[in-house]
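Written out below as structure tokens is the structure these notes cover.
Just so you know, residue 1 is the first one in the sequence shown, and it goes up from there.
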Amino acid sequence: MQKTRTACPLDCFAHCGLLATVENGRVTRIEGDPEHPVNRGLICGKGRTRHLQRMYHPERITTPLLRSGRSGAWQAVSWDTAYEIIADRVTAIIARYGPTALLHLDNEGSAGILKTLSRRFFNALGGCSRPTGSLCWGSGCQAQTYDFGRRQIHGWEDLLNSRLIVLWGRDPASTNIHLMPLLKKARERGARVVVINPVRVASCANADRHVAPRPGSDGALALAVAHELIGNGWVDQRFIDRHVKGYEEFRRLVETFPPERAAAVTGVPVEEIRALAREYGNARPACILFGFGLQRYANGGQTIRAIDALAAITGNIGVPGGGANYGGEHWTGLIAPITGAELAREERFLPWPTLADAMLEARDPPVRGIFVTRCNPVTQAPQTVRVKEAFARSEFTVVTDFFLTDTAQMADMVLPCTSFLEAEDVVFGSWNHYLTYAPPVVPPRGECRSDFEIFAGLARHMGLDGFPDLDGREWLARALAPLAAYGITLETLRKGPVRNPAAPEVPWQDGVFFTPSGKFELYSERAAADGLDPLPVYVEPVESPLRDAVSAQEYPFHLITAHHAGYLHSQFWNMTEEGRTLQRVYLHPEAAAACGIRDGQPVRVATRHGALVCRAAVTDRVRRDTVLIYQGSWAAYGGGVNVLTPQYLPDMGLGTPFYDCMCRLIPLTQKAAGQVPNPS
Ligand SMILES: Nc1nc2c(c(=O)[nH]1)N[C@H]1C(S)=C(S)[C@@H](COP(=O)(O)OP(=O)(O)OC[C@H]3O[C@@H](n4cnc5c(=O)[nH]c(N)nc54)[C@H](O)[C@@H]3O)O[C@H]1N2
Ligand SMILES: Nc1nc2c(c(=O)[nH]1)N[C@H]1C(S)=C(S)[C@@H](COP(=O)(O)OP(=O)(O)OC[C@H]3O[C@@H](n4cnc5c(=O)[nH]c(N)nc54)[C@H](O)[C@@H]3O)O[C@H]1N2
Ligand SMILES: [Mo]
């Protein structure tokens, strides 16, 4: 029995250290690596059981599969045949329409430096169409770029220096469990924890205060808090004078936002807003941990800017225990891109938030071929039905994955990828400062190949000059080359995780920001140049009862489709009983009574964009005007929450406003529920 040290590649940014036990050539157990500085032995259920279940799952694809005609059956083919067919089709499409007729959709389904080499294949072909923006965090990233010039986060341990920790739209108990021991420890040392979330989420069990604003209204809440901070003199004038640009303009903006106004917008009582301001303004230092939930609205970027402003005016920037932590970009410049961007002669970008429409509307050339790696856009991008329409128009679609996902069902060819336990890679994330090596722990099952091997093999087959024939180690050495200056190489990494040598534990201590003024910018001329208000003004989301009272009668509930503790987006739902049945829609008892809905009853959830049958789960954890359905379940099993969500462009950063969505609830009888199948 042998234990191998490795790292989880899942996209929750923790990239926990793991120990994999191998017996007779099979991984039999995964546990947390007690020596890994991020998780210190603690891992979630996905890490402990789901990876292994998936790796050895009977439905896992273990050979390339080809389908003749859209409704034809899948047929196993050899890699040589697969490469032959792909090369022919790709060459024909490029000859006829040019390289941008090919669309390559790649996301972070599993992290890994080598996995990015699929992109190199398309660059070496001459370029392609690819998505821009983000399904995830784009609006907030752009917001922080306007404010700070770039994104930096505090080291996690620094939470222990905080007197007040604000979990603003983040639920670490569900999505980031490694923060929980630190939060608990910080509380033991006397820090207070505030949760700001329309849902009484699991993290509230370890919090001292819960504020539940109406979805999409946090910008208004933040401006009113600023109003109180300034009005009561709970600001750091010295920090403002030296390091903040636009304080006067900001002060005039927040004068128009007294708590009374914000109370009407957010539904948070005036007294609670005042109490929140008093608490934040008088606890030094105070730290804000952003989630990405509150920026999944069309006004999401300005929301993050308004909240950043609170940290700036109170001087909670550049101090231990402070910060406005969103997500870091500390590895930029330390890990060399190996994707070969310089090879592309032509490129076209389709925005993630409106991917379906952009694919359907693409002309000169239209999208003729699609390659999907490390993502499941039919399930995860907004407006599933439109996404499928767009896929249906492709002449040739190749999906690389473990299972016949909703997206793979739209493909002509499916290629089997390896699990992180079957291939070598190095992983790192944006939420902590560590880089961890993941060796191949066991040989791949069946014919599975890593994304790197798949695309390197294809490049070899097609004789692409831009994709030199290097092995994985050589590619990793190229990527890690800038770290050699710090004495870090693959050999170092193989001994254990390495902390980012350039990331400070406490960013901005020198008071130098990467903005045009060198200061923190409450007033951003860059934002103005991009056609935005230079100040973090509050604008209602697109779908809001305050914007359109008439529609609000038809669609009275905000629909939040947040992340489930037990799954990672669409991954693993197909492996559980719960995942294969009707999804729950969580609604408040008063909402249930008003709609005539009983707990457990089938309910049709309808938005302007689509409808989905769910099962009612009545709970007072949600606001009266808000319902919650977890994202990620598969259309193939009657799930697929993104049939309901809109394709809106957000204010900035091309994030995806999934939660900017109102719905209505129609009770169904058991029989009727059976007769109205969900779109699949
Ligand atoms: N178990 C698990 N962990 C994950 C993931 C997963 O799928 N499963 N996904 C990973 C990824 S890619 C991401 S991006 C992160 C996301 O991590 P989080 O940001 O923690 O999670 P989300 O579910 O996106 O949204 C966070 C919270 O925002 C709240 N929220 C929604 N609307 C509003 C609003 O208007 N205002 C406020 N204040 N709060 C609001 C939701 O109720 C939810 O609790 O999690 C990562 N970790
Ligand atoms: N309604 C709603 N929709 C959302 C969100 C929401 O909050 N609400 N959240 C959004 C967010 S934050 C994000 S980040 C996106 C995530 O969107 P996606 O990245 O599309 O999400 P996943 O379900 O993780 O899909 C990853 C796919 O890659 C496969 N995969 C895993 N490892 C590998 C590998 O090594 N190679 C290959 N080729 N495939 C692999 C998995 O099996 C899975 O099918 O979803 C977004 N969608
Ligand atoms: Mo995400």
Side-chain angles (χ1 to χ4, degrees), residues 83 86-87 90-91 93-95 97-108 111-134 138 141-142 145 149-151 329-352 358 362 364-365 367-375 398 400 425-428 430 435 450-486 488-490 502 514 653-654:
Y83 283 163
I86 296 172
V90 160
T91 311
I93 289 171
I94 294 177
Y97 303 101
T100 56
L102 294 175
L103 171 64
H104 178 213
L105 297 169
D106 184 39
N107 205 34
E108 298 285 333
I113 291 177
L114 290 181
K115 295 197 176 74
T116 62
L117 282 167
S118 62
R119 299 184 188 191
R120 187 172 191 105
F121 171 79
F122 295 95
N123 286 326
L125 271 179
C128 68
S129 293
R130 48 170 58 107
T132 179
S134 160
C141 288
Q142 184 59 47
T145 305
R150 61 180 290 199
R151 286 174 285 115
E329 50 183 327
H330 304 274
W331 293 103
T332 310
L334 292 184
I335 295 180
I338 49 176
T339 55
E342 67 287 352
L343 300 168
R345 290 188 306 275
E346 277 179 64
E347 272 182 303
R348 176 169 62 185
F349 294 98
L350 309 183
W352 270 121
D364 298 329
V367 173
R368 288 294 177 216
I370 307 174
F371 283 76
V372 179
T373 50
R374 302 191 295 163
C375 60
V398 180
T400 302
D425 220 325
V426 168
V427 301
F428 65 97
S430 57
L435 189 64
S450 70
D451 294 59
F452 157 57
E453 288 169 315
I454 292 172
F455 286 93
L458 194 54
R460 245 186 335 264
H461 182 93
M462 296 178 71
L464 296 185
D465 289 340
F467 205 126
D469 199 3
L470 308 180
D471 65 21
R473 289 273 166 93
E474 290 165 326
W475 282 115
L476 285 173
R478 280 197 183 190
L480 300 172
L483 284 166
Y486 299 90
I488 299 166
T489 62
L490 193 58
F514 293 87
L654 290 178

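Here E108 pairs with nothing under the side-chain hydrogen bond (donor to acceptor under 3.5 Å, both in side chains) rule; sequence neighbours left out. For T332, the side-chain contact (heavy atoms from CB on, under 4.5 Å) partners at least two apart in sequence or on another chain are E329. Residues satisfying the salt bridge (Lys or Arg N to Asp or Glu O under 4.0 Å) test with D425, not counting sequence neighbours, are K115. The side-chain contact (heavy atoms from CB on, under 4.5 Å) test applied to A502 returns L334, Y486, N500, not counting sequence neighbours. In this view, Y97 and R368, E395 satisfy the side-chain hydrogen bond (donor to acceptor under 3.5 Å, both in side chains) rule, not counting sequence neighbours. Every residue two or more places apart in sequence or in another chain was checked for a side-chain hydrogen bond (donor to acceptor under 3.5 Å, both in side chains) with D364, and none qualifies. In this view, P468 and R120, L470, W475, R478 satisfy the side-chain contact (heavy atoms from CB on, under 4.5 Å) rule, not counting sequence neighbours. Not counting sequence neighbours, the partners of H104 by the side-chain hydrogen bond (donor to acceptor under 3.5 Å, both in side chains) test are T373. Remark: R473 pairs with E424 by the salt bridge (Lys or Arg N to Asp or Glu O under 4.0 Å) rule, at least two apart or across chains. Residues passing the ring pair (Phe, Tyr, Trp, His ring centres under 6.0 Å) test with F455 are F121, F122, sequence neighbours excluded.
Among all heavy-atom pairs drawn from R348 and S129, the shortest one is NE-OG, 3.0 Å. Between L114 and G472, the closest heavy-atom pair is CD2-O, 3.7 Å. Of all non-hydrogen atoms in P365 and T100, the two that sit nearest each other are CD-OG1, 3.3 Å. The minimum heavy-atom distance linking I454 with Y83 is given by the pair O-OH, 2.9 Å. Contact detail for F349 and T132: the closest heavy-atom pair is CB-CG2, 3.7 Å. Closest heavy-atom contact between T339 and N123: O-ND2, 2.7 Å.
Counting heavy atoms from C-beta on, the side chains of L435 and L483 come closer than 4.5 Å. For the pair F428 and I113, the minimum side-chain heavy-atom distance is below 4.5 Å. The shortest distance between side-chain heavy atoms of I488 and L480 does not fall below 4.5 Å. Considering only heavy atoms from C-beta on, F467 stays 4.5 Å or farther from L125 through its side chain.
Summarising the geometry, atom OG1 belonging to T116 is positioned 4.5 Å from atom CD1 belonging to I338; distances are rounded to the nearest 0.5 Å. Atoms CG and OG1, from L476 and T489 in turn, are 11.5 Å apart once rounded to the nearest 0.5 Å. Separation of atoms CD (Q142) and CZ (R151) is listed at 9.5 Å; rounding is to 0.5 Å. Distance check, rounded to the nearest 0.5 Å: CG of L490 to CD of E474 gives 11.5 Å. The distance from the OG atom of S450 to the CG atom of L117 is 9.0 Å, given to the nearest 0.5 Å. In this structure, T91 OG1 and M462 CE are separated by 4.0 Å, a value rounded to the nearest 0.5 Å.
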Pair D451-R374, salt bridge (charged side-chain N to carboxylate O under 4.0 Å, His left out): steps then yes or no: CA-CA 9 Å; D451 294 59; R374 302 191 295 163; 5.1 Å; no
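Listed by first then second residue, pairs satisfying salt bridge (charged side-chain N to carboxylate O under 4.0 Å, His left out) with a partner in residues 338-347 read R130-E347, not counting sequence neighbours. Residue pairs meeting the side-chain hydrogen bond (donor to acceptor under 3.5 Å, both in side chains) criterion with at least one partner in residues 454-471, sequence neighbours excluded, are R460-D469.
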